[in-house]
**Student:** 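Here it is, the structure, as C-alpha coordinates.
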Amino acid sequence: DQQVKQNSPSLSVQEGRISILNCDYTNSMFDYFLWYKKYPAEGPTFLISISSIKDKNEDGRFTVFLNKSAKHLSLHIVPSQPGDSAVYFCAARANTGTASKLTFGTGTRLQVTL
Amino acid sequence: NAGVTQTPKFQVLKTGQSMTLQCAQDMNHEYMSWYRQDPGMGLRLIHYSVGAGITDQGEVPNGYNVSRSTTEDFPLRLLSAAPSQTSVYFCASHAPSEGNTEAFFGQGTRLTVV
(Lines give C-alpha, C1' and ligand atoms only; values in the text may rest on other atoms or scores of the structure.)
Protein backbone atom coordinates (compact mmCIF):
# COMPACT_ATOMS: atom_id res chain seq x y z
CA ASP A 1 0.00 0.00 0.00
CA GLN A 2 1.71 3.14 -1.27
CA GLN A 3 0.98 5.84 1.30
CA VAL A 4 2.79 8.54 -0.65
CA LYS A 5 2.19 8.63 -4.37
CA GLN A 6 3.85 10.53 -7.17
CA ASN A 7 1.80 9.58 -10.18
CA SER A 8 3.94 11.29 -12.79
CA PRO A 9 7.20 9.41 -13.32
CA SER A 10 8.58 12.17 -15.51
CA LEU A 11 8.03 15.80 -16.46
CA SER A 12 9.64 17.94 -19.13
CA VAL A 13 9.55 21.75 -18.88
CA GLN A 14 11.19 24.52 -20.85
CA GLU A 15 13.76 26.72 -19.15
CA GLY A 16 12.13 29.77 -17.60
CA ARG A 17 8.71 28.16 -17.29
CA ILE A 18 7.04 26.83 -14.15
CA SER A 19 7.55 23.22 -13.07
CA ILE A 20 4.78 21.68 -10.97
CA LEU A 21 5.43 18.37 -9.29
CA ASN A 22 2.56 16.65 -7.53
CA CYS A 23 2.28 14.29 -4.62
CA ASP A 24 -0.72 12.58 -2.99
CA TYR A 25 -0.87 10.83 0.36
CA THR A 26 -3.34 8.60 2.15
CA ASN A 27 -2.23 8.58 5.80
CA SER A 28 -3.98 11.23 7.90
CA MET A 29 -1.28 10.86 10.57
CA PHE A 30 1.34 12.53 8.41
CA ASP A 31 2.20 15.87 9.99
CA TYR A 32 5.18 17.08 8.00
CA PHE A 33 6.04 16.92 4.33
CA LEU A 34 9.36 17.29 2.57
CA TRP A 35 10.73 17.43 -0.93
CA TYR A 36 14.10 15.98 -1.83
CA LYS A 37 16.11 16.39 -4.99
CA LYS A 38 18.39 13.69 -6.30
CA TYR A 39 21.06 13.83 -8.97
CA PRO A 40 22.45 10.61 -10.49
CA ALA A 41 25.06 8.84 -8.35
CA GLU A 42 24.37 11.16 -5.40
CA GLY A 43 22.27 10.91 -2.29
CA PRO A 44 18.99 12.84 -2.02
CA THR A 45 19.32 16.39 -0.74
CA PHE A 46 16.68 18.27 1.19
CA LEU A 47 14.90 20.97 -0.77
CA ILE A 48 11.92 22.36 1.14
CA SER A 49 9.37 21.26 3.70
CA ILE A 50 5.97 22.19 5.08
CA SER A 51 4.18 21.50 8.30
CA SER A 52 0.62 20.21 8.17
CA ILE A 53 -0.56 23.35 9.97
CA LYS A 54 0.43 25.48 6.99
CA ASP A 55 -0.77 25.55 3.41
CA LYS A 56 2.22 27.20 1.76
CA ASN A 57 5.94 27.53 2.24
CA GLU A 58 8.25 29.45 -0.03
CA ASP A 59 12.02 29.45 -0.42
CA GLY A 60 13.37 31.39 -3.34
CA ARG A 61 12.26 29.77 -6.58
CA PHE A 62 10.66 26.86 -4.72
CA THR A 63 7.17 26.87 -3.21
CA VAL A 64 5.34 23.96 -1.67
CA PHE A 65 1.55 23.98 -1.38
CA LEU A 66 -0.40 21.68 0.89
CA ASN A 67 -4.09 20.87 0.53
CA LYS A 68 -4.96 18.79 3.57
CA SER A 69 -8.56 18.15 2.64
CA ALA A 70 -7.44 16.67 -0.67
CA LYS A 71 -4.34 15.03 0.86
CA HIS A 72 -2.32 16.62 -1.90
CA LEU A 73 0.84 18.66 -2.07
CA SER A 74 2.71 20.21 -4.92
CA LEU A 75 6.13 21.70 -5.53
CA HIS A 76 6.36 24.72 -7.82
CA ILE A 77 9.66 25.78 -9.31
CA VAL A 78 9.67 29.22 -10.92
CA PRO A 79 11.55 29.89 -13.11
CA SER A 80 12.84 26.46 -13.99
CA GLN A 81 16.54 26.17 -14.76
CA PRO A 82 18.55 23.42 -16.46
CA GLY A 83 20.28 22.68 -13.13
CA ASP A 84 16.89 21.73 -11.72
CA SER A 85 16.91 18.59 -13.88
CA ALA A 86 16.88 15.77 -11.33
CA VAL A 87 14.59 13.26 -9.66
CA TYR A 88 12.31 14.80 -7.04
CA PHE A 89 11.00 12.76 -4.14
CA CYS A 90 8.08 13.71 -1.97
CA ALA A 91 8.31 12.43 1.62
CA ALA A 92 5.96 12.50 4.58
CA ARG A 93 6.59 12.14 8.29
CA ALA A 94 4.45 10.30 10.80
CA ASN A 95 5.41 10.65 14.44
CA THR A 96 5.15 7.28 16.10
CA GLY A 97 5.99 8.41 19.61
CA THR A 98 9.59 7.26 19.72
CA ALA A 99 10.65 7.98 16.20
CA SER A 100 9.90 10.05 13.17
CA LYS A 101 9.68 7.88 10.11
CA LEU A 102 9.79 9.23 6.62
CA THR A 103 7.75 7.61 3.86
CA PHE A 104 8.87 8.43 0.34
CA GLY A 105 7.07 8.56 -2.96
CA THR A 106 8.46 6.89 -6.06
CA GLY A 107 9.90 10.07 -7.50
CA THR A 108 9.35 12.30 -10.54
CA ARG A 109 12.15 12.87 -13.02
CA LEU A 110 12.20 16.52 -14.06
CA GLN A 111 13.96 17.54 -17.24
CA VAL A 112 14.36 21.24 -17.92
CA THR A 113 15.07 21.85 -21.58
CA LEU A 114 16.71 24.86 -23.18
CA ASN B 1 32.23 19.13 6.61
CA ALA B 2 31.75 15.40 5.97
CA GLY B 3 28.07 14.96 6.95
CA VAL B 4 27.10 11.32 6.25
CA THR B 5 29.77 9.03 4.83
CA GLN B 6 28.99 5.65 3.30
CA THR B 7 31.48 2.98 2.28
CA PRO B 8 31.92 1.29 -0.08
CA LYS B 9 30.41 3.15 -3.03
CA PHE B 10 30.16 0.01 -5.16
CA GLN B 11 30.11 -3.69 -4.27
CA VAL B 12 29.49 -6.94 -6.12
CA LEU B 13 28.62 -9.99 -4.03
CA LYS B 14 27.94 -13.59 -4.83
CA THR B 15 24.71 -15.12 -3.58
CA GLY B 16 25.19 -16.30 -0.01
CA GLN B 17 28.08 -14.01 0.82
CA SER B 18 27.91 -11.62 3.73
CA MET B 19 29.04 -8.04 4.00
CA THR B 20 28.63 -4.87 6.01
CA LEU B 21 27.76 -1.49 4.58
CA GLN B 22 29.32 1.23 6.67
CA CYS B 23 27.70 4.53 7.59
CA ALA B 24 29.15 7.29 9.75
CA GLN B 25 27.90 10.79 10.56
CA ASP B 26 29.62 13.68 12.28
CA MET B 27 26.58 15.85 13.04
CA ASN B 28 25.84 14.28 16.43
CA HIS B 29 22.38 13.28 15.24
CA GLU B 30 20.50 10.78 17.35
CA TYR B 31 18.39 9.39 14.53
CA MET B 32 19.89 7.32 11.72
CA SER B 33 18.29 5.15 9.10
CA TRP B 34 18.92 2.91 6.11
CA TYR B 35 16.93 3.04 2.91
CA ARG B 36 17.08 1.11 -0.31
CA GLN B 37 16.16 2.60 -3.65
CA ASP B 38 14.79 0.41 -6.41
CA PRO B 39 13.39 1.44 -9.80
CA GLY B 40 9.75 2.45 -9.51
CA MET B 41 9.76 1.94 -5.74
CA GLY B 42 11.19 5.15 -4.35
CA LEU B 43 13.15 4.92 -1.10
CA ARG B 44 12.03 2.28 1.37
CA LEU B 45 13.05 2.22 5.02
CA ILE B 46 15.01 -0.89 6.06
CA HIS B 47 16.00 -0.21 9.68
CA TYR B 48 16.36 2.84 11.82
CA SER B 49 17.85 3.86 15.16
CA VAL B 50 16.77 6.63 17.53
CA GLY B 51 20.01 6.53 19.49
CA ALA B 52 22.95 4.39 20.54
CA GLY B 53 21.77 0.93 21.55
CA ILE B 54 18.27 1.37 20.08
CA THR B 55 17.24 0.01 16.70
CA ASP B 56 13.96 -0.94 15.07
CA GLN B 57 12.62 -2.36 11.84
CA GLY B 58 11.38 -0.30 8.95
CA GLU B 59 9.27 -1.32 5.99
CA VAL B 60 11.61 -3.91 4.42
CA PRO B 61 13.87 -5.34 7.19
CA ASN B 62 14.13 -8.97 6.10
CA GLY B 63 17.66 -10.11 5.25
CA TYR B 64 19.31 -7.18 7.04
CA ASN B 65 20.71 -6.64 10.52
CA VAL B 66 21.80 -3.41 12.18
CA SER B 67 23.43 -2.32 15.40
CA ARG B 68 24.16 1.09 16.91
CA SER B 69 27.00 0.99 19.41
CA THR B 70 27.90 4.67 18.99
CA THR B 71 26.05 7.83 17.96
CA GLU B 72 28.30 8.18 14.92
CA ASP B 73 28.10 4.75 13.30
CA PHE B 74 25.20 2.69 11.96
CA PRO B 75 26.37 -0.32 9.93
CA LEU B 76 24.01 -2.44 7.85
CA ARG B 77 24.77 -6.16 7.61
CA LEU B 78 23.70 -8.57 4.93
CA LEU B 79 24.13 -12.03 6.42
CA SER B 80 23.48 -14.07 3.27
CA ALA B 81 23.14 -11.93 0.16
CA ALA B 82 20.38 -12.66 -2.33
CA PRO B 83 19.84 -11.26 -5.85
CA SER B 84 16.71 -9.49 -4.54
CA GLN B 85 19.03 -7.33 -2.43
CA THR B 86 20.58 -5.80 -5.53
CA SER B 87 19.82 -2.14 -4.98
CA VAL B 88 21.22 1.25 -4.10
CA TYR B 89 21.47 1.74 -0.36
CA PHE B 90 21.33 5.11 1.36
CA CYS B 91 22.12 5.92 4.94
CA ALA B 92 20.61 9.03 6.50
CA SER B 93 20.78 10.91 9.76
CA HIS B 94 18.58 13.61 11.25
CA ALA B 95 17.35 15.11 14.49
CA PRO B 96 13.75 13.99 14.97
CA SER B 97 12.69 17.01 16.93
CA GLU B 98 9.46 18.75 16.12
CA GLY B 99 9.66 20.59 12.83
CA ASN B 100 13.17 19.36 12.16
CA THR B 101 12.92 16.16 10.24
CA GLU B 102 15.29 17.04 7.45
CA ALA B 103 17.32 13.92 6.73
CA PHE B 104 20.89 14.17 5.49
CA PHE B 105 21.78 11.35 3.13
CA GLY B 106 25.06 9.74 2.24
CA GLN B 107 26.10 9.28 -1.37
CA GLY B 108 24.87 5.71 -1.51
CA THR B 109 26.25 2.22 -1.97
CA ARG B 110 25.40 0.45 -5.22
CA LEU B 111 25.21 -3.27 -4.45
CA THR B 112 24.92 -6.01 -7.02
CA VAL B 113 24.30 -9.61 -5.95
CA VAL B 114 25.01 -12.20 -8.63
**Student:** Are Leu13(B) and Val60(B) linked, directly or through other ILVMFWY residues, by side chains that come within less than 4.5 angstrom of each other?
**Tutor:**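 Per the 4.5 Å side-chain linkage, Leu13(B) and Val60(B) are co-clustered.
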**Student:** State yes or no: do Leu110(A) and Val87(A) share one hydrophobic cluster built from I, L, V, M, F, W and Y residues joined by side-chain heavy-atom distances below 4.5 Å, directly or via other members?
**Tutor:**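 They do not share one cluster, since no chain of ILVMFWY contacts under 4.5 Å joins Leu110(A) to Val87(A).
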**Student:** What part of Tyr35(B) gets closer than 4.5 Å to chain A, counting heavy atoms only: side chain, backbone, both or neither?
**Tutor:** side chain
**Student:** Counting only heavy atoms not in Arg44(B), do more than 12 sit closer than 6.0 Å to its CZ atom?
**Tutor:**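 Result for CZ/Arg44(B): enclosed.
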**Student:** Any idea which heavy atoms bring Ala103(B) and Leu102(A) closest together, and the distance?
**Tutor:** CB-CD1, 4.0 Å
**Student:** For Phe90(B) and Lys38(A), work out which heavy atoms get closest and say how close.
**Tutor:**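 Where Phe90(B) meets Lys38(A) most closely, the heavy atoms are CZ-CE, 3.4 Å.
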**Student:** Are Leu73(A) and Tyr88(A) connected in the hydrophobic side-chain network, where two residues link if heavy atoms are under 4.5 Å apart?
**Tutor:** yes
**Student:** If we only count heavy atoms from C-beta on, is the Met41(B) to Phe104(A) side-chain gap below 4.5 Å?
**Tutor:**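 Result no, sub-4.5 Å side-chain heavy-atom pair not found.
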**Student:** For Arg17(A), does the CZ atom have more than 12 heavy-atom neighbours from other residues, nucleotides or ligands under 6.0 Å away?
**Tutor:** no
**Student:** Which atoms of Gln37(B) come close to chain A, meaning under 4.5 Å heavy atom to heavy atom: side chain ones, backbone ones, both, or neither?
**Tutor:** side chain
**Student:** Hydrophobic cluster membership, with links at side-chain heavy-atom distances under 4.5 Å among I/L/V/M/F/W/Y: are Tyr31(B) and Ile46(B) in one?
**Tutor:**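 As far as the 4.5 Å side-chain criterion goes, Ile46(B) and Tyr31(B) are not connected within one cluster.
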**Student:** Hey, are the side chains of His94(B) and Phe46(A) touching, using non-hydrogen atoms and a 4.5 Å cut-off?
**Tutor:**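 A side-chain contact is absent here, since even the closest heavy-atom pair is not under 4.5 Å.
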**Student:** Do Thr45(A) and Phe105(B) come within less than 4.5 Å of each other through their side chains, counting heavy atoms only?
**Tutor:** no
**Student:** Checking heavy atoms, do the side chain of Leu45(B), its backbone, both or neither come under 4.5 Å from chain A?
**Tutor:**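 Side chain only.
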**Student:** So how far is it from Asp38(B) CG to Thr106(A) OG1, rounded to the nearest 0.5 Å?
**Tutor:** 12.0 Å
**Student:** Specify which of Gly43(A), Ala91(A), Pro9(A) makes the most heavy-atom pairs with chain B at under 4.5 Å.
**Tutor:** Gly43(A)
**Student:** Are Phe65(A) and Tyr32(A) grouped together when hydrophobic residues (ILVMFWY) are joined by side-chain heavy atoms under 4.5 angstrom apart?
**Tutor:** no
**Student:** Taking CE in Met27(B) as the centre, count heavy atoms belonging to other residues, nucleotides or ligands within less than 6.0 Å. Is the count above 12?
**Tutor:** yes
**Student:** Report which part of Ala41(A) has an atom under 4.5 Å of a heavy atom belonging to chain B: side chain, backbone, both, or neither.
**Tutor:**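 Backbone of Ala41(A) only, per the 4.5 Å heavy-atom cut-off to chain B.
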